[in-house]
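First comes the structure, then the notes that go with it.
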Amino acid sequence: MSQVKVLGELAVLDDVGPPRRGRAYPAAGATSALLLPAVLLLGALVLWPVLRTLHASVTTDGRWVGAEHFRAALAAPGTGAVVGRTVLWAVLVPAVVTALGYLFAVASRRSEEGGLVRLILLVPVALPLVVTGVTFRLMYDPDPTRGLATLLATRLTGRSADDAPQLLGPGLVTVALMSAFVWAWVGLAVLVFRAALDRLPPSLADAVRAYGGGRRHVLWDAQWRPLLLRTVAVVFALVALGTSRTFDLILVMTPGSVRDDAAVLALRVWQTSGGTTTGQGAALGVVWLVAVVAGMLVAAFFVRQAWPPPRVEATPGPAPTTPPRRLFRLLAAGGAVVWLIPLVVLVATSAHGQVDAAARGWWSAPPGTGSYAALLGGDELWRALGFTLLLATVVTATVLVVALLAAYPLAWLTGPAAQATGLLLMAATVVPVQVIAGPVNEVLGVVLSSGTSRGLALVHVALGVPFAVLVLRNAFADLPAEQVRGARLGGRRWWGTLHRLARHNLPAVIAVSVLEFVQVWNDLAVGLVFSGPEATPIGPFLAAEGRGFVSNSGVLAASSVLASVLPVLLMVLARRQLVAGLVSGGVR
């Protein structure tokens with residue numbers, strides 16, 4: 001942009017059109033300064049720890065040993081079953097979540113009760129996985145006088161309590177864990193499918209019918225091929241990557257006696273390495289990291305598109321669609337009722353005294369406030385909640401600032417550089433924290449002290465920045481040229497332009513803020529590895545409370561309810577901005 005005098009009047013020459021788009025962005029010096037915070041964080045707390053783990057996997061005390069640690073780790077008893085279980089999680093669970101998400105999205109679309117169904121399905125998405133684990137462990141308790149699922153199994157099969165299927169036993173514990181994970185993730189799939197269905201122009205279906213096509217042709221040619229096939233790939237990939245967080249569920253939901261029968265690589269790496277990264281633990285971590293990154297790359301190439309994406313012309317408004325048939329609406333309502341049962345179990349158990357909750361089921365004892373009274377009388381829960389609130393707020397604000405600064409110059413990249421940057425950010429997003437725990441502790445030991453609140457916050461910021469940059473960069477790049485031109489003309493400096501661009505991308509900014517806050521609030525793995533006695537967030541606090549699960553079930557349920565209020569409230573209030581923000585920048 002330049003200013004010259006024309007016929008004696010000051011005129012602004014707009015040179016921010018597509019052919020010269022680069023001039024709307026900061027100069028090289030400013031670009032380096034904007035990228036520096038993100039580069040330092042990712043370099044010190046993600047890239048170097050990954051390289052350190054790779055080095056540890058092929059050396060012993062600095063001496064090169066090649067593939068020795070890999071051979072020993074893979075030949076260890078039980079490792080084959082652990083790897084097989086991890087693959088099963090990464091294939092079967094995403095398939096079930098994707099199928100249910102699509103069916104619920106179709107069945108709840110454009111109907112009076114559809115909004116309520118989606119709201120019910122969304123609540124489990126916001127719950128910490130620790131709370132999900134507590135909820136399903138209460139429901140699957142092997143004693144039919146306490147476990148609702150076991151009671152129903154004994155009544156339906158006519159067997160005794162000893163002969164009834166034990167979902168938390170060695171044979172079915174993985175099925176029980178998968179059911180909890182599916183319950184927690186289906187709501188996210190419904191939101192993404194619903195957004196995709198709303199973008200389908202009904203004229204496509206009309207055109208297919210005009211050429212004599214039936215229902216099958218409409219489904220394939222007017223829905224799956226133009227849009228839903230890519231959406232399926234996105235949902236499948238998101239859930240597959242999310243299964244790397246089964247660590248939380250296994251740690252909370254499985255009794256210690258059957259934990260090895262449910263272990264996956266996430267748990268095995270943590271058990272093998274602990275707070276350090278050496279030998280076989282590093283080798284297993286490398287195997288897991290390569291599998292996760294390879295899965296991410298396959299998904300990215302499968303759903304790849306031209307970047308920046310082609311501009312979508314604005315439409316007057318959502319076109320009218322035909323409501324689903326009564327059968328589908330009844331299925332959606334029935335599914336919502338089923339999804340409510342675990343929530344009812346959790347809340348009802350919390351509404352009983354400690355003795356009643358430990359001795360018998362919530363349906364056979366009068367309600368009371370004993371568990372809440374015992375919980376609120378102490379200060380441990382309040383201290384954990386207060387610390388988590390402060391931690392999540394500080395981390396979210398820091399991640400947002402660092403990501404906005406980095407996304408601004410990165411949005412101007414084009415061609416192979418843009419694609420490579422996107423893949424690197426996605427790879428950094430999926431690095432499991434258990435794989436880099438040891439080297440990150442080494443870095444924290446140098447710049448801070450491990451086990452402090454500052455160190456914990458720094459790790460959360462480093463792990464949250466890649467996804468935030470990815471979403472905001474894509475959202476900035478999606479802006480129409482008119483809005484970029486307007487922001488440039490209205491902002492005297494680059495920060496003025498950045499501020500105006502952020503205002504134009506408010507849904508993406510809100511989505512990043514809410515997701516980062518909920519991620520930190522609901523975390524268990526990072527807190528478990530990097531927290532200390534004076535810095536204990538709510539996730540590790542709940543996991544520690546679960547050690548005496550049966551005798552402590554009332555207080556644990558009450559703690560879980562209180563810990564879930566804020567993330568659920570945030571997700572419900574911001575659900576529209578979440579969908580808009582993720583669709584505009586998160587799934588490119």
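Note that the numbering runs from 1 along the sequence shown for the chain. Since we're looking at a predicted model, the values are computed, not measured.
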> How far apart are the C-alpha atoms of T150 and D143, what are their side-chain angles, what is the distance that settles it, and do they pass the side chain to side chain contact (heavy atoms under 4.5 Å, CB included) test?
Replying inline: CA-CA 7 Å; T150 309; D143 188 339; over 6 Å; no

Selection [range] - residue pairs positive for salt bridge (charged side-chain N to carboxylate O under 4.0 Å, His left out), sequence neighbours left out:
range: residues 177-192; answer: none
range: residues 510-530; answer: none
range: residues 251-267; answer: none
range: residues 558-569; answer: none

[X] side-chain N/O to [Y] backbone N/O, donor-acceptor pair under 3.5 Å:
X: T452; Y: G455; result: yes
X: N552; Y: E545; result: yes
X: T53; Y: V435; result: yes

>> Tell me the closest heavy-atom pair linking A38 and V465, and the distance in Å.
In response: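 Closest pair (atom of A38, atom of V465, distance): CB-CG1, 4.2 Å.
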
>> Tell me the closest heavy-atom pair linking A557 and L138, and the distance in Å.
In response: CB-CD1, 4.3 Å

Using the test ring pair (Phe, Tyr, Trp, His ring centres under 6.0 Å), find all partners of [X] that sit at least two apart in sequence or belong to another chain.
X: F181; result: W89, W185
X: F541; result: none
X: Y102; result: F193, W224

> Under the side chain to side chain contact (heavy atoms under 4.5 Å, CB included) criterion, do L343 and L127 qualify, and how do the steps go?
Replying inline: CA-CA 10 Å; L343 294 175; L127 294 180; 3.9 Å; yes

Quick one: side chains of residues 560-573, donor-acceptor pairs under 3.5 Å with protein atoms, not counting sequence neighbours, listed by atom name and distance.
residue, atom, partner, partner atom, Å
S560, OG, L556, O, 2.8
S564, OG, S560, O, 2.7

>> Could you work out, with side-chain contact (heavy atoms from CB on, under 4.5 Å) as the rule, every residue matching A403, not counting sequence neighbours?
In response: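 Expected list: A468, V469, L472.
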
>> Let's go through R268 and T86 carefully: what are the C-alpha distance in whole Å and the side-chain angles of both, what is the deciding distance for side chain to side chain contact (heavy atoms under 4.5 Å, CB included) to 0.1 Å, and is it a yes or a no?
In response: CA-CA 11 Å; R268 180 59 67 90; T86 305; over 6 Å; no

>> Taking ring-ring contact (aromatic ring centres under 6.0 Å, His included) as the cut-off, I'd like each qualifying pair that reaches into residues 133-154, sequence neighbours left out, listed once.
In response: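 Every pair satisfying ring-ring contact (aromatic ring centres under 6.0 Å, His included) with a residue in residues 133-154: F136-Y140, F136-W183.
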
> Does the ring of F549 carry R137 above it, NZ/CZ under 6.0 angstrom from centre and within 45° of its axis?
Replying inline: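 Yes, R137 sits over the ring of F549.
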
Using residues 357-366 as the side-chain source, report each donor-acceptor pair under 3.5 Å to any protein atom, sequence neighbours left out, with the distance given to one decimal.
residue, atom, partner, partner atom, Å
R360, NH1, S364, O, 3.3
R360, NH2, D356, OD1, 3.3
S364, OG, G361, O, 3.0

For residues 387-395, tabulate all N or O donor-acceptor pairs below 3.5 Å that involve a side-chain atom, not counting sequence neighbours.
residue, atom, partner, partner atom, Å
T388, OG1, A384, O, 2.6
T388, OG1, I538, N, 2.9
T393, OG1, L389, O, 2.7

> Between L177 and T254, is a side chain to side chain contact (heavy atoms under 4.5 Å, CB included) present by the stated rule, with each step listed?
Replying inline: CA-CA 8 Å; L177 289 166; T254 57; 3.9 Å; yes

